[in-house]
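A short worksheet on the structure shown next.
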Amino acid sequence: MSESTPSDRPILLEASGLKKYFPIQRGLFRRTVGYVRAVDGVDLAIHEGETLGLVGESGSGKTTVGRLILRALDVTAGTIRYRRDGRLIDLTALPRRALREYRREVSIIFQDPYSSLDPRMTVLDIVAEPLRIHGVKDEEEIRARVRELLQLVGLRVQHMNRYPYAFSGGQRQRIGIARALALRPRLIVCDEPVSALDVSIQAQVLNLLRALQRQFGMAYLFISHDLAVVSHVSSRVAVMYLGTIVETAPVEALYTEPRHPYTEALLSAIPRSDPDERRTRIVLPGDVPNPASPPPGCRFHPRCRYAREICRSEVPRLREIAPGRQVACHLAEELHLVGIQPPAAGGSGAEGRG
Ligand code: SF4
């Protein structure tokens with residue numbers, strides 16, 4: 001995480017030109033009349049042992065990127081390559097059966113600790129489920145592993161025969177984390193893992209995720225609408241808008257010196273932790289456009305206060321403007337955008353929900 005700056009480690013997973021289009025079907029014969037371009041040409045890399053924050057408003061496509069990386073959805077186009085035995089293998093070219101090994105090595109922590117745990121299953125069965133699916137049969141071994149996992153996430157082993165309703169939201173999320181850890185994954189997709197929790201509990205869960213990463217060295221793709229939360233856990237951040245990535249940077253650089261106008265607007269919406277800090281909130285006009293018919297040129301141009309003629313006709317490429325920094329904006333070199341100090345631990349509150 002931020003103190004370990006592991007982005008110089010080998011790439012664990014790399015997505016290139018990733019697209020996911022969902023058909024829009026109408027009429028008696030369910031004719032396809034268009035496509036929702038939920039993810040429309042995403043490039044990103046996750047390094048071994050790092051946390052990549054993926055942020056954006058509702059409808060930006062960030063959750064769909066997470067599902068594609070888990071291979072829970074088929075890609076429309078593009079590749080996802082994953083490092084195993086020292087080389088990157090193309091997951092999109094593998095048949096579903098051959099993905100079994102990959103599925104042992106990646107897992108997910110869901111947003112909602114209430115709906116993501118089956119109320120009819122005990123904690124033991126919930127946490128043991130991945131072990132059983134992947135062929136562990138010895139019940140003694142399973143119980144021992146579950147005991148160990150519950151201790152790791154700060155839950156009492158005596159509670160393993162209870163049902164989810166007996167636990168608070170924070171405890172349920174710990175159960176979800178224990179389940180995600182069961183197979184010792186190399187990558188965990190954390191899909192808004194604290195956004196359903198009280199602010200006081202959020203910091204505890206974020207600290208737990210950091211401690212587990214230090215202990216086991218797995219990478220996180222940390223998906224959130226909340227830039228304040230993302231700053232506490234990420235080494236790098238990628239900002240999504242309408243199915244594309246508009247900026248990636250190390251966390252400190254992205255917050256203090258944003259290079260894309262959308263990032264600047266998101267940062268301006270974070271509540272101030274220092275009452276003396278003067279800054280003006282940038283209110284974006286209108287809503288996020290319909291991903292079935294995105295605007296031409298720069299997708300952000302109808303809401304961008306810096307837009308010029310070129311922005312309405314030419315698509316800005318995501319390009320490297322400094323080592324480790326990429327931005328998709330025609331004017332990245334000439335704009336002087338306003339950043340903030342990364343929020344202090346425990347705070348949160350940027351708007352939107354994804
Ligand atoms: Fe704004 Fe133009 Fe940059 Fe898009 S390319 S973010 S419209 S300045």
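No hydrogens, no waters, no symmetry mates; every other heavy atom, side chains included, goes into these values. All of these numbers come straight from a predicted model, not from anything done at the bench.
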Close side-chain approach of Val237 to Leu52, heavy-atom, < 4.5 Å: no
Distance, nearest 0.5 Å, that separates OG1 of Thr244 from CG of Leu318: 8.5 Å
Ionic contact status for Arg132 with Asp125, cut-off 4.0 Å: yes
Val246 vs Met240, side chain to side chain contact (heavy atoms under 4.5 Å, CB included): CA-CA, chis, key distance, verdict: CA-CA 6 Å; Val246 296; Met240 274 194 85; over 6 Å; no
Test item: Ser224 side-chain N/O and Asp226 main-chain N/O as donor-acceptor pair under 3.5 Å: yes
Nearest heavy atoms of Thr64 and Ala38, plus distance in Å: OG1-CB, 4.1 Å
Working for side chain to side chain contact (heavy atoms under 4.5 Å, CB included), residues His47 and Arg83: CA-CA 10 Å; His47 298 255; Arg83 181 175 300 279; over 6 Å; no
For Asp40, all residues meeting salt bridge (Lys or Arg N to Asp or Glu O under 4.0 Å), sequence neighbours excluded: Arg37, Arg299
Pairwise side-chain contact, Gln341 with Glu252, heavy-atom cut-off 4.5 Å (strictly under): yes
Which atom of Gln202 lies closest to which atom of Leu197, heavy atoms considered: NE2-O, 3.3 Å
Backbone N/O of Gly286 and side chain of Arg303: donor-acceptor pair under 3.5 Å: yes
Mutual orientation of the aromatic rings belonging to Tyr21 and Tyr35 [parallel < 30°, tilted 30-60°, perpendicular > 60°]: tilted
Glu192 and His225: side chain donor to acceptor below 3.5 Å: yes
Asp43: side-chain hydrogen bond (donor to acceptor under 3.5 Å, both in side chains) partners, not counting sequence neighbours: none
Smallest separation among heavy atoms of Pro258 and Val338, with atom names: CG-O, 3.4 Å
Heavy-atom side-chain proximity of Pro193 to Gln111 below 4.5 angstrom: no
Any side-chain heavy-atom pair of Val55 and Phe222 under 4.5 Å: no
Side chain to side chain contact (heavy atoms under 4.5 Å, CB included) between Leu181 and Ile188, intermediate numbers included: CA-CA 8 Å; Leu181 279 178; Ile188 301 181; 4.3 Å; yes
Verdict with supporting geometry, Arg81 and Glu14, salt bridge (Lys or Arg N to Asp or Glu O under 4.0 Å): CA-CA 5 Å; Arg81 299 196 306 155; Glu14 183 179 65; 2.8 Å; yes
Under 3.5 Å donor-acceptor, Gln173 side chain and Gly170 backbone: no
Determine all donor-acceptor pairs shorter than 3.5 Å in which one atom belongs to a side chain in residues 100-110; sequence neighbours excluded.
| unit_1 | atom_1 | unit_2 | atom_2 | d |
| --- | --- | --- | --- | --- |
| Arg100 | NH2 | Ile133 | O | 3.1 |
| Tyr102 | OH | Ile69 | O | 2.6 |
| Arg103 | NH1 | Leu70 | O | 3.2 |
| Arg103 | NH1 | Arg71 | O | 3.4 |
| Arg104 | NH1 | His134 | O | 3.4 |
| Glu105 | OE1 | Tyr82 | OH | 2.5 |
| Ser107 | OG | Ala180 | O | 2.8 |

Shortest non-hydrogen separation from Ile126 to Arg179 and the atoms involved: O-CD, 3.5 Å
Min side-chain heavy-atom separation Ile282-Arg305 under 4.5 Å: yes
Rounded distance [0.5 Å steps], OG in Ser60 versus CD1 in Ile245: 10.0 Å
Pairs where residues 318-339 contributes a residue and the test salt bridge (Lys or Arg N to Asp or Glu O under 4.0 Å) is met, not counting sequence neighbours: Glu247-Arg325, Arg308-Glu334, Arg319-Glu333
Arg143 vs Leu124 side-chain heavy atoms within contact, under 4.5 Å: yes
Any residue meeting salt bridge (Lys or Arg N to Asp or Glu O under 4.0 Å) with Asp118, in chain and number order, not counting sequence neighbours: Arg120
ILVMFWY cluster, Leu209 and Val189 together (side-chain gap under 4.5 Å): no
Whether His232 side chain and Val229 backbone form a donor-acceptor pair below 3.5 Å: no
4.5 Å side-chain heavy-atom contact, Tyr220 and Leu187: no
Separation of Tyr255 OH from Leu266 CG (nearest 0.5 Å): 9.5 Å
Minimum-distance pair of heavy atoms, taken over all atoms of Ala182 and Leu149: CA-CD1, 3.7 Å
Ion pair Lys20/Asp74, N-O distance below 4.0 Å: no
Test applied, side-chain contact (heavy atoms from CB on, under 4.5 Å); reference residue, Val239; option that passes from Leu254, Val327, Leu267, Thr248: Leu254
Rounded distance (nearest 0.5 Å) linking atom CG of Leu335 with atom SG of Cys329: 5.5 Å
Common cluster, Met121/Leu150, ILVMFWY with side-chain heavy-atom separation under 4.5 Å: yes
ILVMFWY network linking Ile11 to Leu68, side-chain heavy atoms under 4.5 angstrom: no
Per-pair distances, 0.1 Å, donor-acceptor, side chain in residues 151-166, under 3.5 Å, sequence neighbours excluded:
none

Check against side chain to side chain contact (heavy atoms under 4.5 Å, CB included), Thr256 and Ile340: CA-CA 5 Å; Thr256 55; Ile340 64 168; over 6 Å; no
For Leu242 against Pro289, the heavy-atom pair lying closest together: CD1-O, 3.2 Å
Asp198 side chain to Ser200 side chain, donor-acceptor N/O pair below 3.5 angstrom: no
Shared hydrophobic cluster, Ile175 / Leu206 (ILVMFWY, side-chain heavy atoms < 4.5 Å): yes
Same apolar cluster (I L V M F W Y, side chains within < 4.5 Å links), Ile223/Ile80: yes
Partner of Leu54 by side-chain contact (heavy atoms from CB on, under 4.5 Å), out of Val42, Thr63, Val65: Val65
Approximate separation, where rounding is to 0.5 Å, of Leu212 CG and Met218 CE: 5.5 Å
Side-chain donor or acceptor of Arg236 paired with backbone N/O of Ala249 under 3.5 Å: no
Spatial distance of atom CG (Leu227) from atom CD1 (Ile270) [nearest 0.5 Å]: 4.5 Å
